[in-house]
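Read the numbers this way: they start at 1 and go in the same order the structure lists the ligands and their atoms.
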Amino acid sequence: MDFWNARVIDGTGRQPFERAAVRVEDGRIVSVESVDGSGGFVPEGAIDLEGRTLMPGLIDAHAHLSSDVFRSPGFGPAPELHGELPRRRELGYFILAKTALVLLSAGITSVRDVGAYDDEALALRDAVRLGIVPGPRILSCGRIISATAPGGAIFTTMYREADGPDEMRKAVREQLRRGADYVKLMATGARSVLVEDPEPAQMTVAELAAIVDEAHRLGVRVAAHVEGLAGARLAVRERVDTIEHGLSLHREPVLLAEMAERGIVLVPTLSTFHDLAERFTDDFPRPLVEQAKRQLDEAYKTLVAARASGVTLAMGHDSGPPGDNAIELVRMVDGGLSALEGICAATSGSATALGISGDVGTVTAGAVADLLVIDGDPLADVRMLCDPERVWMVIQGGKVVAGRDRRVSEPAPV
Ligand SMILES: [Zn+2]
């Protein structure tokens, strides 16, 4: 399958390539060339994009695919009324399948789940891989590794609580036994837990170092939930691969310089701070809402400081409902990134965060043809990436699986 007369934003940071032909073979891009010199003929079998924008599929580097839809009003089934039979637990798996299709239809071709209840994200990942349901490529951390903490009482089976370096190593091994693609740890407490102070480190140096050492020794990456500065210092010093949230980093620019030097990716998750500070203010205790307002301000300061330091940024929505993910890209642009930088964060930057930049995140020869065609110019108005009317085609492994174009057939999972 070839794509003809596209305006390519390739995700590497280069300016758009007008009038491009993108050749795809066996699911991978083999060339990106100019159509000029073709005499105006569209080759047999090629799809004429008529100058529309072709870019890498979007990648959400921080999502919670869990069937718990409390952050996504209107996405799941209507709340049960008094007197109705309780909702069956198994409905959750249908919600997961719907989530996967909705993400794909919104142009999200890869997603990193950073914590789900039970093994839901792993199950959904396998269902997509096995071709049972259409959906994006999914990476899952299994359970989040945390020190014994109040968050464990709230997030229950999303967490694996452990204490001491040996138990941390065991917790890493357990996640790999479950089939995790990488490891996630809680370097600090969480802003959504009333009795957790997100400022101090929640693990000791030895505990965090043991997780990173064990994960890296076994060949998987480490994502660290980081809010306060003490946890940020620890995570950067012990060389995790990605920092999630990381809102305090602007207070200590030397940490950002170290992240840039070591290739540690920042996933700023601005949307989650908007949620707690503005959207779900009635659902959380007042002190948490006030704290989130301060954190929202800090998260934007860190975005600007990280950009100035040359830190690789990734798009992580960390919010709902599924399909609205690109609002995070818009917020990063509102916060100071150019539209091109925002698109890079949501494509090649996120691919780097996931450790799959050799395969996806760019429109370059050799990359998997996970692509998005937008009917318009997102560099002129990046908000159009949130508009379903603009999603012309979603292409997965070279196959058109979603979008408004008439050639879209039944979604074909890879
Ligand atoms: Zn999260």
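For the pair Val394 and Val400, the minimum side-chain heavy-atom distance is 4.5 Å or more. Side-chain contact between Ile108 and Leu104 is absent, with no heavy-atom pair separated by less than 4.5 Å.
Across all their heavy atoms, Asp275 and Asp318 have their closest contact at OD2-O, 4.3 Å.
Put simply, Glu244 stays out of reach of the Zn ion (ligand 1), with no N, O or S atom under 2.8 Å from it. Taking 2.8 Å as the threshold, His64 counts as a candidate ligand of the Zn ion (ligand 1), since one of its N, O or S atoms lies below it.
With the Zn ion (ligand 1) as the vertex, NE2 of His62 and OD1 of Asp318 span 90° to the nearest 10°.
In this model, no donor atom of one side chain and acceptor atom of the other lie less than 3.5 Å apart for Arg286 and Thr281.
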